Amino acid sequence: MPDRVTLLNTVHPLCPDVPSDLLQDFFARLDQEYFQRFTPPTIAEHVRLTARLTPEHLCEVAFAEQPDQRCVITIVAYDYFSEFAMICGLLSAFGLNIEEGDIYTFAEKTAPLSSRTSRNEYGPRLRPKATPGLAQKKIVDVFRVQPVPGVELGRKQQHQLADTLSSVITLLDKGQFEEARFAVNRRLVEQLGKRRGSFSGLLHPVQITFDNGQSPVDTVMDIRSDDTPAFLYAFANALAMRNVYISKAQFDVENGKIHDRFYVRNRHGQKLTDAADQQQLRLTAVLIKQFTHALTWAPDPTKALEAFDQFLDLTVQQTKGKAQQEALAFLSDKKTFPLLARLLGASDFLWEDFLRRQHNNLLPLLQDYRDAPLITPRATLRKELDRLVNRAKSDEDRKAALNSFKDREMFRIDMKHIVEPDTALPDFSAALTQLAEAILDRSLKDCQTKLNKLYGPPRLANKKPCPFTVLGLGKFGGRELGYASDIEVLFVYGDAGRTGGKHPIDNSEYFERLGYELLQWIEAKQEGIFHVDVRLRPHGGKGSLTNPFDEIAKYYSDQGLAAPFERQSLIKLRHVAGDPELGKRVETHRDHYVYGSKPLDPNIVLDARRQQLKQLVERGTVNLKHSQGGIVDIEYAVQYLQIKHGSRLPILRTPNTMQALAALVDCGIVTRQDGEALRKAYFFIRMLIDGLRMVRGNAKDRVLPPVESDEFIFLARRVGYTTDDWQAGARHLQTDITQHMTLTKEFFQRTFGRL
């Protein structure tokens with residue numbers, strides 16, 4: 001092997017137009033091994049590619065076609081954080097298997113070779129030029145690739161790959177690493193989705209060794225395993241997330257077996273000498289190799305990869321000994337990865353609010369979820385809740401035990417709904433509703449016990465116990481809860497009186513304190529998940545939290561102050577906790593008031609809808625609840641018909657929208673064709689709203705993202721439109737949205753008239 005100066009003198013005539021300072025910089029800053037692996041003509045080609053780089057032109061790509069459809073791809077570019085991962089991801093995204101590779105990065109700026117040699121050793125000195133971007137580190141990456149079956153790498157595809165790589169590196173240059181990773185992930189998983197059928201799902205053994213003796217500055221990390229798609233990308237991505245820097249790498253594939261060699265340093269530019277760090281990277285490599293296969297099951301692969309990487313860190317850092325072994329054994333089950341991909345790729349909220357904070361509770365839930373039914377029997381649910389709460393010694397501990405149980409059960413139900421998309425919405429709603437009823441019932445008992453110790457139990461004027469009841473409204477009353485729904489309630493007590501303790505207070509004060517205590521006892525998650533909402537009480541936010549029965553009966557009457565929309569809202573009223581006899585009295589009064597002889601003016605319904613459209617729907621957007629053809633059109637039409645005909649047809653007096661619609665069809669008020677169209681539209685739109693709320697856990701998420709956006713594509717995948725062609729899935733969803741909302745709008749207009 002000739003020395004660098006001799007080699008430089010050989011290469012220089014092959015690229016005479018290259019500025020001398022760039023040529024010297026190239027030879028001074030590349031690893032010695034690079035000059036051993038490539039011939040002078042190839043080195044000259046790399047030098048010429050490097051000479052084309054400028055601060056405005058960040059990369060060069062060259063293609064050399066080989067026999068058997070193989071191709072050598074040379075990428076010369078400025079060096080950026082996570083760049084190698086992005087390159088590997090794009091190659092896989094274009095359907096190219098990496099068979100071999102040589103990856104080199106310039107060292108830090110050093111003195112040029114010419115300053116260390118005499119003039120005649122180097123030959124004639126060229127006049128130095130101020131080459132743009134000379135000091136910036138660069139990469140020289142050479143890959144031998146083979147297209148997967150069905151993929152071509154013709155001139156058109158080559159131009160597309162080069163343009164895409166340029167756009168991704170531009171994002172890296174701007175510091176937009178998340179945006180770059182997002183762009184690569186999306187293209188990659190679309191490609192992997194087309195190849196899903198070729199994956200066996202078998203786990204792949206991985207052998208990993210670390211050597212700190214081969215290189216004076218780097219740790220050499222050797223990985224041997226079966227060749228699997230996109231592993232280089234996923235693992236390089238994981239290294240980048242851990243601030244592990246790759247200075248160079250080589251890849252070889254022989255008979256389907258890979259040998260990847262990485263030269264790496266930690267975030268401080270030092271070798272990886274810590275045994276715990278090495279073990280963490282070992283586990284990361286093994287598990288990410290398996291998880292890569294499951295990315296096609298993730299609604300949003302970017303979320304899935306990032307959350308899985310953090311999940312691995314938590315598994316390694318927060319579990320020890322037997323617990324860690326059990327966790328890793330579970331993660332080694334091939335059935336685990338599609339499950340985690342769906343879960344971690346569906347919801348930012350679930351990851352940030354539950355999976356990360358309650359990591360130790362996750363694996364038992366994941367292990368048990370398949371065997372546990374979606375709807376836990378009511379008696380079993382309440383027995384387990386009572387067991388956990390009764391073990392607590394203080395009010396604060398009882399409150400914490402109840403909310404912990406609520407969070408775990410809610411997560412289990414949500415998880416079942418996410419990972420098993422065939423779960424019927426009525427079953428999902430029933431599971432959430434039953435949980436809410438159990439939580440309210442137990443909370444009420446504990447809050448009453450707390451207040452009774454202070455003031456004694458409330459009593460009526462005749463000294464008999466004063467009853468208290470909780471009634472559900474809205475989706476809760478209708479047993480129609482969805483993802484991130486509020487728990488809407490109405491608090492009613494028997495009548496005036498005083499408590500019977502040493503420090504008695506009026507019933508009105510006692511029950512007001514009880515209502516406040518209940519609202520504090522049940523803790524809502526961020527953005528209002530499981531938020532107990534009392535805004536539908538008489539006089540709204542200006543009224544008392546609790547009301548005696550007589551005031552309820554007076555307010556909700558033909559002579560009372562209730563607005564027409566409040567009459568509609570009472571259709572959903574249903575006893576859910578507390579004294580059942582008082583609850584039944586309220587329901588009976590509701591029936592007389594709501595389904596009495598006084599008709600509901602359809603113009604009032606139209607006026608309400610017009611105000612919603614004006615105030616709640618932004619121009620140019622589709623609000624799945626309030627836009628024309630949205631959920632409100634179905635609910636208002638059904639409720640209007642319930643009120644109109646409910647006085648003579650008791651079968652219509654139900655708080656559940658779909659039961660009411662079925663009854664309207666059976667009574668001949670709605671045609672079977674319209675009834676079926678509305679039923680399908682209702683469940684379809686509710687599914688979409690759940691899909692929107694799922695990401696952030698925000699009960700207010702009801703607005704569709706722009707149809708051409710990635711957010712819309714991932715919404716389509718979350719709600720089951722998971723074809724290999726993501727764009728086609730999004731188009732299919734858009735067609736179905738238009739169809740369902742148009743039919744709903746037309747039915748509403750036939751019932752009431754145009755808005």
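Not measured: the values here are computed from a predicted model.
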Taking side-chain contact (heavy atoms from CB on, under 4.5 Å) as the definition, give me every residue that meets it alongside [X], ordered by chain and number, with sequence neighbours left out.
X	result
P602	Y640, F752
T654	Q642, N656, Q659, A660
H645	L641, R648, L649, L652, I669

Sidechain-backbone polar pair: [X] side chain, [Y] backbone, donor-acceptor under 3.5 Å:
X	Y	value
Q157	G154	yes
S92	G89	no
S709	F712	yes

Cationic N near anionic O, under 4.0 Å, D690 to R718:
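Looking at R718 together with D690, the answer is no, because their closest N to O distance does not fall below 4.0 Å.
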Salt bridge or not between D666 and R672? Use side-chain N to carboxylate O under 4.0 Å.
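Yes, this pair counts.
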Minimum heavy-atom distance [X]-[Y], with the two atoms named:
X	Y	result
T376	E409	OG1-OE1, 4.0 Å
C667	I651	SG-CG2, 3.7 Å
L743	A677	CD1-CB, 4.3 Å
R342	I418	O-CG2, 3.7 Å
M658	F683	CG-CZ, 3.7 Å
F747	A637	CE2-CB, 3.7 Å

Which label fits F84 and F143: parallel for a plane angle under 30°, tilted from 30 to 60°, or perpendicular past 60°?
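Rings of F84 and F143: parallel, under 30°.
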Quick one: which residue pairs count as a salt bridge (Lys or Arg N to Asp or Glu O under 4.0 Å) with a foot in residues 726-751, not counting sequence neighbours?
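Of all non-adjacent pairs touching residues 726-751, those that pass salt bridge (Lys or Arg N to Asp or Glu O under 4.0 Å) are D674-R750.
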Rounded distance [0.5 Å steps], [atom1] in [X] versus [atom2] in [Y]:
X	Y	atom1	atom2	answer
L374	F428	CG	CZ	8.0 Å
L172	E83	CG	CD	6.5 Å
I685	L624	CD1	CG	6.5 Å
S429	I375	OG	CD1	9.5 Å
I631	Y682	CD1	OH	5.5 Å
T735	H740	OG1	NE2	10.5 Å

If we only count heavy atoms from C-beta on, is the [X] to [Y] side-chain gap below 4.5 Å?
X	Y	answer
K572	E480	yes
F684	L688	yes
D163	Q160	no
I713	Q727	yes
Q612	Y636	yes
M687	L425	no
F63	L161	yes
L435	I413	yes

Under the salt bridge (charged side-chain N to carboxylate O under 4.0 Å, His left out) test, which residues partner K475, sequence neighbours left out?
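Salt bridge (charged side-chain N to carboxylate O under 4.0 Å, His left out) check on K475 returns E635.
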Report the residues that fulfil salt bridge (charged side-chain N to carboxylate O under 4.0 Å, His left out) with E437, sequence neighbours left out, ordered by chain and then residue number.
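Once residues adjacent in sequence are excluded, the partners of E437 under the salt bridge (charged side-chain N to carboxylate O under 4.0 Å, His left out) criterion are R378, R574.
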Might you work through the side-chain contact (heavy atoms from CB on, under 4.5 Å) test for M86 and Y80, ending with a clear yes or no?
CA-CA 10 Å; M86 299 301 103; Y80 298 98; over 6 Å; no
Carefully, step by step, assess Q158 and L153 under the rule side-chain contact (heavy atoms from CB on, under 4.5 Å).
CA-CA 6 Å; Q158 291 176 14; L153 190 58; 4.0 Å; yes
Apply side-chain contact (heavy atoms from CB on, under 4.5 Å) to the pair K680 and Q739, showing each step before the final yes or no.
CA-CA 11 Å; K680 289 181 178 179; Q739 177 182 352; over 6 Å; no
Verify the neighbour count for atom [atom1] of [X]: are there more than 12 heavy atoms of other residues, nucleotides or ligands below 6.0 Å?
X	atom1	value
R479	CZ	no
Q176	CD	yes
Q615	CD	yes

So T621 and L704, side-chain contact (heavy atoms from CB on, under 4.5 Å) or not? Walk me through it.
CA-CA 7 Å; T621 66; L704 282 175; over 6 Å; no
